[in-house]
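First listed ligand is number 1; within each ligand, the first listed atom is number 1. Keep in mind it's a predicted model, so treat the numbers as computed, not measured. Atoms considered below: every heavy atom in the structure, side chains included; atoms not considered: hydrogens, waters and symmetry mates.
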Amino acid sequence: MDVFRQLKAFYWSERKLLFVSIICLTCATALGLVYPNLLRFLIDDVIIAERFDLVPALALSVVGVVALKGSMQFLHGLCGGRLGNRVAFNLRNACYNKLQYLSFQYYDKAKTGDLMSRLTADLEAIRNFIGFGFAQILNMVLMIAFGAAMMLSIHWQLTLITLITIPFLAYTAIRFERNIHPAFREMRRAMSNLTTAVQENITGVRTVKSFAREPYEVDKFSIRSQAYQTNQVGAALIWAKYFPVMELVANLSPVILLVVGGLYVINGQLSLGELVAFFSMIWYIIGPMWGIGFHINNYTQSKASGERVLELLNEYIHIRNADNAIVLKDDQVKGHVRFENVTFHYPDKAPALKDFSVDAKPGTVIGLLGATGSGKSTVIQLLMRAYDVRKGRITLDGIDIRELDLESLRSQIAPVFQETFLFSASIRDNIAYGVKDVTMEQIERAAKLAKAHDFIMELPDGYNTVVGERGMGLSGGQKQRIAIARALIKNPRILVLDDATSAVDMETEHEIQAGFKELMAGRTTFIIAHRISSLRHADEIIVLEDGNVIQRGTHEELISVPGHYLDTYNIQYADRPDREDVVQQDVVQQVERRVAQ
Ligand SMILES: Nc1ncnc2c1ncn2[C@@H]1O[C@H](COP(=O)(O)OP(=O)(O)OP(=O)(O)O)[C@@H](O)[C@H]1O
């Protein structure tokens, strides 16, 4: 029950519904006990006593009891249904909320399919149990208690003899629970593996098709599907093994009752009506015992689901606000970023950044260059506090970013990443994603600066065109331009361009950069790029290798000394060594002219 104790916060607020549901079910159960008594009265006091004038009243009583019991069951269903749905609603929101605040570290390992199955199938199992399963288990206990009390009041010796099988039944049921619970836990895990396979396959369908890996994917799915099937069969086997035993043990009680009760009637120690009443009451005890397997099954399934949901809810949030975190005032932020001897490594990995320092004064442009895996993106991740540094510190306007309110820090930074994520919404909404209350003019201005306006206007519904999931239907460069517009509209103090123009051609890159130039004025900018052309105007270019700074300086300084930068420069401009500056100058001038127009 520990799982449900931990989930208490989610259903306790709905306790009124829980209590009404339980009270109604208790009344319905108690009313059910009136039938055997009416039966006893019918046989002993009406049929044997030949008082047939009582039959209409008796019939009316039965109708009354049935109607009342029906109403109680209706109310129980109504309240139970509401309760289950409200609890599922509360839990679903809490899980989604948690997902929003879990840190990058969590998502480095999380599987989307698994999370989806926690938020759907697992929540459904909990909804069913809290809405109905719990009340039914309680009902089972009540039926046994009421039934036993009633039987004891009629003939206690016969009751004890008849119920001798109950401990055996309870023992079998408990063993069943012990065996079936791990099976259900495995089943949930297998289900989440299946969901993950489907989700990854759909997300990566282009990769699958372009590598003609459909047969491999089919096999992979079929192995997981087989695992799920094996789990199901395993659970069915446990079920098949225990149920006949429980059925056998349960059916021994009526047999004992018939033999012993019959003898009592013959000996005159029990009336016929009492035996008949006993016979109906015994099902009040055996019936619930019979269903004990089903209820245990229901309970264990929801317990396994509850564990998975709680695992998500209890997940540690690595990055969180410090006590009294400082909230920045937008108009007072200058954008002075300093990395002071930062060394950082991802969990269980070698350092991705070693003793890294940079002093980015407000409005300066810092360029980061280096081979893949050299630590460039890590600099940005740390600046955005996707991960916390443990050695060294990063400051914004002199304040350690770990002391800043997370939302306040991130709202000062507008990133454009190499991979653009677009939501399946209109282009307008995608551009306006990071800001509240934005006008159409602002959206268009940002799109024009990002050189996205023209192609957007060529789309069937212009800014209202709804892009497919993850921006399907747009080219890589077009998606990147939308992402740039999204960053520009945020009007940030710090602009981060992480290989942001990698998917556009040279000329568009220069056009966008001309847009940036206007926009970067007064903002601190970090540019990560593989192309020298994207970095050459930076105030400081830092060259990284395996997390170490191997060179730093301006473009002119770096091309005047041998090293990685000069090598890269030579490779990129190998075919036009003398004309590079002229070509660059030409393009920039052309672009600036166009922007000015
Ligand atoms: N989320 C992560 N979890 C674990 N290790 C990571 C993570 N992200 C990056 N790394 C590792 O940290 C090192 C630096 O990676 P980083 O992404 O900063 O390189 P990069 O220079 O930006 O590369 P690229 O140019 O390919 O984007 C690499 O060895 C990489 O494997």
message: Using only atom types and a distance under 3.5 Å, with no angle test, would you say the side chain of Lys479 pairs donor to acceptor with the backbone of Leu422?
response: no
message: Just to be sure I understand the cut-off, which residues have at least one non-hydrogen atom under 4.0 angstrom from an atom of ligand 1?
response: Asp108, Tyr346, Lys349, Ala352, Ala371, Thr372, Gly373, Ser374, Gly375, Lys376, Ser377, Thr378, Tyr387, His530
message: For His336, run the side chain to side chain donor-acceptor pair (under 3.5 Å) check against Asp397, Thr364, Asp359, Thr395 and tell me which one passes.
response: Asp359
query: Where the side chain of Arg308 meets the backbone of Leu115, is there a donor-acceptor pair that is under 3.5 Å apart?
result: no
query: Is the backbone N or O of Thr554 less than 3.5 Å from a side-chain atom of Glu557, with the two atoms forming a donor-acceptor pair by type?
result: yes
- prompt: Are Val496 and Ile413 close enough that some pair of their side-chain heavy atoms sits under 4.5 Å apart?
  reply: yes
- prompt: Going through the distances and angles, do Asp400 and Arg402 end up as a salt bridge (charged side-chain N to carboxylate O under 4.0 Å, His left out)?
  reply: CA-CA 5 Å; Asp400 191 321; Arg402 285 168 294 193; 2.9 Å; yes
